[in-house]
2 protein chains.
Amino acid sequence: MSKNYHHGSLRQALIEAALPVLKKKGIVGLSLRELAAELGVSHGAPYRHFKNKTALLEAIAVTGFNALQDICRKAMQDFPDDPRQQLYQAGMDYIFYVARNPEIADLMFRPGLSREESNTELQQAVNSAVGSLAAIIENGKQRKLYGDHQTMDLVLTSLSTVHGLAMFIAGGMLIDPASPESSIEALGKRVYNILLHGMAGE
Amino acid sequence: MSKNYHHGSLRQALIEAALPVLKKKGIVGLSLRELAAELGVSHGAPYRHFKNKTALLEAIAVTGFNALQDICRKAMQDFPDDPRQQLYQAGMDYIFYVARNPEIADLMFRPGLSREESNTELQQAVNSAVGSLAAIIENGKQRKLYGDHQTMDLVLTSLSTVHGLAMFIAGGMLIDPASPESSIEALGKRVYNILLHGMAGE
DNA sequence: GTTATTATGTAGACAGTTACTACTTTCTTG
DNA sequence: CAAGAAAGTAGTAACTGTCTACATAATAAC
């Protein structure tokens, strides 16, 4: 019997099913068996797609980096002639993405997840996303927008700032998490302004 | 028998014993039973000090925020008349702290850990640490170093940037983790310069 | 089209884990 | 020094990760 002995897309289904669980119960509370049951599949099935629980978490992190890359690319398409707007737009889109999916962002920049063998797929996703951000910075550099700072330094600074800000907003640690979108946008604009023109007086 | 039926400081011992395990095996690989065995104590003992595994992780996060607060206070003491040096020093000290203890920093800004009941002790540690950083910023504001930006915006921006940079260095995601201290310091200096004077050319 | 091969899912088992409960020992303090 | 709180022990139920052997389905080769 079993019209669908094969699930068809169990890998993707596992990733999607894990998200609400992570949001509600965190990494510790996530169980592969529970996911399997929820998807109506035997408890061993997930191991056909993920070597272990950590591998699933890393796969989720990959989706986050892919999203970051998409966001950067879209920003470049939307403002092909305005690298500063590219950067601002990408930053704000990323902040809203993290606000909507904090559990994904939580897994992205984390030394303590694998730490054993380096996950090539994850490393590659990181590199691609960073590359897209670097392209935005390079666009600006070609127009002499960023002084003589090194591209990598600018990438590091902007990515750190945006990701950190996004995590603070998502985690509600420093900011009222009930902030309306408009106030998040206002905060983003102020931080972007500081980032661009410096903490020191203008 | 049992000269030491009571361990004496099991809570602290658990926190310390957890660190190398976290560094080696990550959150998923940490087990309270293993810690108990390692400390020569029964498997139920840890639950006298921590409601569950997550509570232990949060306690470790608290130590991280306490360290951040100490770093800020020390910087203020060391350079009582130079708020910019206070900020730079605190930032670099924090970066080296994270490089030495990535597994602690990994637990600090994490929306997905508790997410159920808010941990008061953790929240308080966050507030204290942020307060110390805000004091450094305020010192600078009183000397008109930071234009008319809001203190909270400056705190958010600098903390995000420094923490993000520290995590990247600790995780070796964007930078060669084998970088000697000197090159980490050089990188920190460049990023601090960008943060202070802006990505845009000076 | 039948047949090998590979991908995917199942069933069972084992060791290890969380977290609870009831009990014992030690420390503290009135 | 006695009473009560704090800390540790022992046992256990339910669950989890992960392995292995097996079954089924999809694919590709012939």
Side-chain angles (χ1 to χ4, degrees), chain A residues 1-61 103 107 112-117 119 121, chain B residues 1-22 24-61 107 112-117 119 121:
Chain A
M1 58 168 55
S2 71
K3 177 169 54 186
N4 46 357
Y5 183 101
H6 282 75
H7 178 283
S9 54
L10 183 56
R11 192 191 141 96
Q12 186 58 28
L14 283 165
I15 290 177
E16 284 165 18
L19 298 183
V21 179
L22 282 174
K23 196 180 298 202
K24 219 171 295 178
K25 304 198 279 182
I27 292 178
V28 177
L30 180 75
S31 131
L32 291 188
R33 284 179 105 105
E34 184 189 342
L35 294 182
E38 192 180 320
L39 296 173
V41 98
S42 80
H43 67 260
Y47 288 86
R48 292 290 152 187
H49 300 274
F50 300 104
K51 166 168 139 283
N52 52 33
K53 182 175 165 179
T54 300
L56 169 60
L57 295 175
E58 287 179 347
I60 292 173
E103 69 283 358
L107 295 171
L113 239 190
S114 59
R115 210 56 180 160
E116 312 224 326
E117 325 97 60
N119 180 332
E121 192 195 3
Chain B
M1 61 166 52
S2 69
K3 176 169 53 188
N4 46 357
Y5 182 100
H6 282 75
H7 179 282
S9 53
L10 183 57
R11 192 191 140 95
Q12 186 59 28
L14 283 165
I15 290 177
E16 285 165 17
L19 298 183
V21 179
L22 282 174
K24 219 172 295 179
K25 302 198 280 181
I27 292 178
V28 177
L30 179 75
S31 129
L32 292 187
R33 280 180 109 100
E34 182 189 343
L35 294 182
E38 191 180 321
L39 296 172
V41 99
S42 81
H43 65 258
Y47 289 87
R48 292 289 152 189
H49 301 274
F50 300 105
K51 166 169 140 282
N52 52 35
K53 182 174 165 179
T54 300
L56 170 60
L57 296 176
E58 287 178 347
I60 292 172
L107 295 171
L113 238 191
S114 59
R115 209 57 179 159
E116 312 224 326
E117 326 95 62
N119 181 333
E121 192 196 2

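Note that the structure is a prediction, hence the values are computed from the model and not measured. As a basis for the values below, the full set of heavy atoms in this structure was taken, side chains included, without hydrogen atoms, waters or symmetry mates.
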Taking every non-hydrogen atom, the tightest pair across Phe50(B) and Ala59(B):
CE2-CB, 3.6 Å

Let me check something: any side-chain donor-acceptor pairs from residues 29-42 of chain A under 3.5 Å, sequence neighbours excluded? List them with distances.
unit_1: Ser31(A); atom_1: OG; unit_2: Arg33(A); atom_2: N; d: 3.2
unit_1: Ser31(A); atom_1: OG; unit_2: Glu34(A); atom_2: N; d: 2.9
unit_1: Glu34(A); atom_1: OE1; unit_2: Lys25(A); atom_2: NZ; d: 3.4

Using side-chain contact (heavy atoms from CB on, under 4.5 Å), reason through Val28(A) and Leu57(B) one step at a time and then give a plain yes or no.
CA-CA 10 Å; Val28(A) 177; Leu57(B) 296 176; 4.0 Å; yes

Whole-Å gap separating P (dA19(C)) and CG (Leu14(B)):
14 Å

Would you check if Leu22(A) and Ile60(A) make a side-chain contact, meaning some heavy-atom pair closer than 4.5 Å?
yes

Considering non-hydrogen atoms only, spot the tightest contact between Ile27(B) and Lys53(B) and give its length.
O-NZ, 3.2 Å

Classify every nucleotide of nucleotides 15-21 of chain D by which part a protein heavy atom approaches to under 4.0 Å, writing B for the base, S for the sugar-phosphate alone and - for neither, in 5'-to-3' order.
-BBB--B

